[in-house]
Amino acid sequence: MDYLDGLNESQRQAVEHIDGPMMVIAGAGSGKTRVLTYRIAHLLRNGVDSFSILALTFTNKAAKEMKERINSIVGGNESMNITMGTFHSVFARILRYNADKLGYPSNFTIYDTQDSRSLIKSIVKEFGLDEKVYKSNAVQSRISSAKNNLISPNAYEANVEIVSEDRMSRKPEIFRIYKEYAKRCFQAGAMDFDDLLYQTNVLLRDFPDVLHFYQQKFKYALVDEYQDTNYSQYLIVKKLAAVYENICVVGDDAQSIYSFRGANIENILNFKKDYPDFKMFKLEQNYRSTSNIVNAANSIIKRNKDQIQKDVWTSNAEGGKINIIRCLTDNEEGRVITNKIFDIKQGEGADYKDFAILYRTNAQSRSFEESLRKLNLPYKIYGGLSFYQRKEIKDLIAYFRLSANPKDEEALKRVINYPKRGIGKTSMDSVILAARQYDVSLWDVISDFQRYPVSISSGARNKMAQFALKIQSYSAQMETSPAYDLANNVAQSSGILKDLYDDKSPEGVTRYENIQELLAGIKEFSVQQEEKDEIGTLSDFLIDVALLTDADKATEEDKNTITLMTIHASKGLEFPHVFIVGLEENLFPSQLSLTSRTELEEERRLFYVAVTRAEKTCTLSYVVSRYRWGQLVTAEPSRFIDEVDKKFVSHENETRGRSGGKSLSGYQRPSEERTQGFGMMGGGKRNLKTMKEATSAPAKSGGGTTDNLKVGFNVEHDRFGKGKVTALVGAGSDQKATVFFPRVGQKTLILKFAKLTIVE
DNA sequence: AACAACGGGCTTTTT
DNA sequence: GCCCGTTGTT
């Protein structure tokens, strides 16, 4: 068995375990994917039918790669019949197949986050609730977490605890919104992301024959990234595996970073309860990183309380220390990191694809983009606005969606007046009102005004009827025409293509190109389907499109570029040289995570994930002040920097030791040339003002006068006069105070610069 | 009904 | 600083 030879002892044991429940706890870089693929190959070699394997991965890309690797081990294309993909895509297919049982059309629409948010917004409006109180974001996450815990609208209403939580947050009507939301999704023939799991649970709960069928089909189940599954996913897997209990879950509790979307570490504990005789395998040897990186990462994660005991080690070389860089501003951070990349690349002849810049929030990408572009280095940003979330792409796809399912109200609202065809807000409001009165969909109204009369101008009525006719003609071809033909036809006859073509601005040109790219993608899809002797309709194309992400798209290109992405998006990836940027308090760890220990521990795991992406070098950076909300604000180095064991760290660009220094005397002013560079940043009026304050900073600052400043203290400023402290942010030399001065109003001051004296 | 101008909120992280 | 939605103007 040649393929077993390349595995270490614990890997091999995990791979060779065939029947019965098992859990693999896999440290970062320990060959987890390897174990998964080899185990599947091993199952196939030992006579398991590929049709009976269910493998749930975290991304579609991971599934695709795994299939390829299995084929290369087993030979042929045996992996073709394995059911492999993300929870969402696998169960979306199963739901389509069984949709009629739940009262949904098999071509139900999948609402993305934007769609559901917009639906929630309109419900809040229709209910006459205050949109400031019932913020769509907050309501959405409330509904989402209810669904992820399998709480139906009725159960929600009946749940004393939940309802009182809503009352306490002054949003007692959420249950009504949830009810209406669920109703409207159903009426529109639409499921949101959470529904794909929720409704699967309903299907398996209410239809024992369906449950039985899939239990018999999926005799072997594997779940990757088990630590990131939520309750809804957990229960699906548990039900499917209930008969044979050939279930293998793989994960690393130290890398659980998705609790904000309902992921639940308890699933690991539940596993032990559900399958008391399970076998546990630990993969602890790291093959990815230098020992400095492995040890540094260990020193970080050991600070967390909640974790499964394991000992990740490596026999790799020691490597360089983790480099920590301090910069003055986010723009300088961009330049410094870019130069570093350039130097390393020249120095050791690395490829661009060997580098990754990882950040906490998407908004941080800007300064790196700018400096990379200046130096003409190729880069690719993952995440952020994905290709499929761009306005023009969503517009065209909305036409497709509407043609496949005219009840899809979010799609209808999106395109009924795009491109402009003279159907304005007033007319649409009347139609919406009428639709609610008749309790039918918007489509029903605009496609049959005879039956559902609406008091709008005959002009508007005609235009809507024309629009409806157009959609109907598309619908007629939906199941018969090849995807590309229809897509192209829609793009042209809807007027989208012309509208974008006429826009000669740079953005307009890009949008036009994006549409062309989408059409090219559909063409490719059509061709692929024809090779399989299938027609490949637009309807088929739509099935997957809602669940595609940029990461899935990237595989084909495989370009040699520098990678920019959030740490979340980097999970499962590895790079020789990793730069983790923006290590500042309130950014990483995020301000919103500071309220509880568990949330802070999740941020720490995120940091752990980031560090363990690195193979050869890992560099951390932080800045003294950064643009946030369009304003330059001072920042403080992240606590995570201090949490890395000093043995594995070296500081660069440091003008001072940054240990514990509470006193202002430890702070050194930036050198002259730095101060200049600082002033040249940005250039807006606001910065100039901030800069003036900064450069006019007194060297003295009376070491200690404001050290024990507290909220409520009265202070005096030599320009603003007397005032009262209303808030304090940060600590040490970067502490800021918000002070209310009766003479000039409220000001936020950086204590090390402002000449404040405490008065009684 | 269409467009320009203005203002508010926002930043976690994603299927 | 940016995106979105609202307001005011034609």
Side-chain angles (χ1 to χ4, degrees), chain A residues 56-63 85-92 110-114 116-118 121 125 131-132 135-138 140-141 144 147-148 191-197 225 228-230 232-233 256-263 330 358-367 382-386 388-389 391 417-428 456-457 459-460 463 544 546-552 565-571 582 586-594 599 602-603 605-607 609-610 626-633 682-684 686-687:
Chain A
L56 298 164
T57 58
F58 200 65
T59 63
N60 292 306
K61 188 185 169 198
T86 63
F87 270 91
H88 289 86
S89 66
V90 165
F91 294 112
I110 297 174
Y111 275 176
D112 67 15
T113 316
Q114 273 182 54
S116 26
R117 189 165 307 163
S118 135
K121 263 189 191 162
K125 238 181 235 174
E131 286 174 75
K132 301 262 161 57
K135 288 195 194 141
S136 56
N137 257 327
Q140 186 180 34
S141 78
S144 172
K147 282 189 186 171
N148 286 330
M191 295 200 197
D192 64 19
F193 286 140
D194 302 319
D195 277 330
L196 297 177
L197 309 172
E225 307 286 7
D228 285 326
T229 54
N230 58 37
S232 186
Q233 293 168 320
S256 160
I257 54 175
Y258 281 100
S259 71
F260 69 92
R261 74 172 194 216
D330 46 359
L358 308 180
Y359 34 75
R360 180 65 179 81
T361 65
N362 281 306
Q364 287 166 257
S365 67
R366 211 199 80 253
S367 62
Y382 292 82
L385 247 208
S386 95
Y388 297 100
Q389 284 169 8
K391 185 192 170 301
N417 198 32
Y418 178 78
K420 300 257 143 57
R421 49 175 72 85
I423 300 172
K425 193 175 172 302
T426 358
S427 330
M428 270 315 280
I456 51 172
S457 74
K463 285 169 190 156
D544 291 323
L547 300 172
L548 287 181
T549 66
D550 266 9
D552 304 321
M565 55 171 56
T566 63
I567 300 168
H568 281 90
S570 76
K571 193 162 92 148
N586 296 331
L587 180 61
F588 191 20
S590 154
Q591 191 162 15
L592 296 152
S593 71
L594 299 179
E599 281 179 87
E602 174 145 321
E603 293 282 308
R605 291 193 294 269
L606 195 55
F607 184 43
V609 167
R626 160 182 309 279
Y627 276 96
R628 276 182 103 175
W629 317 287
Q631 247 185 324
L632 197 62
V633 296
R686 220 168 217 145
N687 318 339

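In what follows, chains are A, B, ... by sequence order, proteins preceding strands, each numbered from 1. Keep in mind it's a predicted model, so treat the numbers as computed, not measured.
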So which protein nitrogen or oxygen atoms get under 3.5 Å of nucleotides 8-10 of chain C's nitrogens or oxygens?
none

Can you tell me how far P of dT14(B) sits from CD1 of I567(A), to the nearest Å? 11 Å
Quick one, E225(A) and Y258(A) - any side-chain contact, counting heavy atoms below 4.5 Å? no
Atom pair distance, as rounded to whole Å: CD in Q114(A) and C1' in dC3(C): 11 Å
Select base, sugar-phosphate, or nothing to describe what K463(A) touches, counting heavy atoms under 4.0 Å on all strands. nothing
Rounding to 0.5 Å, atoms CG (D194(A)) and CG (N148(A)) come to a distance of 4.5 Å
Name the residue closer to the 5' end of DNA chain B, choosing between T86(A) and S457(A) according to the nucleotide with the nearest heavy atom. S457(A)
Please report, rounded to the nearest Å, how far the P atom of dT13(B) is from the CG atom of L594(A). 16 Å
Taking 5.5 Å and 30° as the limits, would you call Y258(A) and the base of dT13(B) a stacked pair? no
Taking the side chain as every heavy atom from C-beta outward, state whether F193(A) and L547(A) have any pair of such atoms under 4.5 Å apart. yes
To the nearest Å, give me how far apart CG (D192(A)) and P (dT14(B)) are. 18 Å
Test the K391(A)-Y418(A) pair against the cation-pi criterion, namely NZ or CZ under 6.0 angstrom from the six-membered ring centroid and within 45° of the ring axis. yes
Per-nt protein contacts along nucleotides 2-11 of chain B (heavy atom under 4.0 Å; B base, S backbone sugar-phosphate only, - none) come out as SS-----SBS
Between dT15(B), dG5(C), dT6(C), which nucleotide has the shortest distance from any of its atoms to the side chain of K125(A)? dT6(C)
Assert: residue with more 5' nearest nucleotide on DNA chain B, out of E599(A) and H88(A), is E599(A)
For the P atoms, the ones on dT13(B) and on dC4(C), what distance do you get once it is rounded to whole angstrom? 15 Å
K391(A) NZ to dC4(C) P, straight-line distance once rounded to whole Å: 10 Å
Are D195(A) and K147(A) close enough that some pair of their side-chain heavy atoms sits under 4.5 Å apart? yes
Short side-chain N/O contact to dT14(B) OP1/OP2 from T113(A), under 4.0 Å: no
Between the side chains of Q140(A) and S116(A), does any donor sit under 3.5 Å from an acceptor? yes
Check whether any side-chain heavy atom of L587(A) sits under 4.5 Å from a side-chain heavy atom of R626(A), and report yes or no. yes
Whole angstrom is fine here: how far is it from CG in D228(A) over to P in dT15(B)? 12 Å
So, OP1 or OP2 of dA1(B): does either fall under 4.0 Å of a side-chain N or O from S427(A)? yes
Rounded distance in Å - CZ (R117(A)) to C1' (dT14(B)): 12 Å
If we ignore hydrogens and angles and just use 3.5 Å, is the side chain of N586(A) paired with the main-chain N or O of S590(A) as donor and acceptor? no
Supply the atom-to-atom distance S365(A) OG to Y382(A) OH, rounded to the nearest 0.5 angstrom. 14.0 Å
Residue met sooner reading DNA chain C from 5', once K425(A) and R366(A) are mapped to nucleotides: R366(A)
What is the distance from atom CZ of R117(A) to atom CG of D192(A), rounded to the nearest 0.5 Å? 12.0 Å
How close or far is atom P of dT13(B) from atom NZ of K571(A), stated in whole angstroms? 16 Å
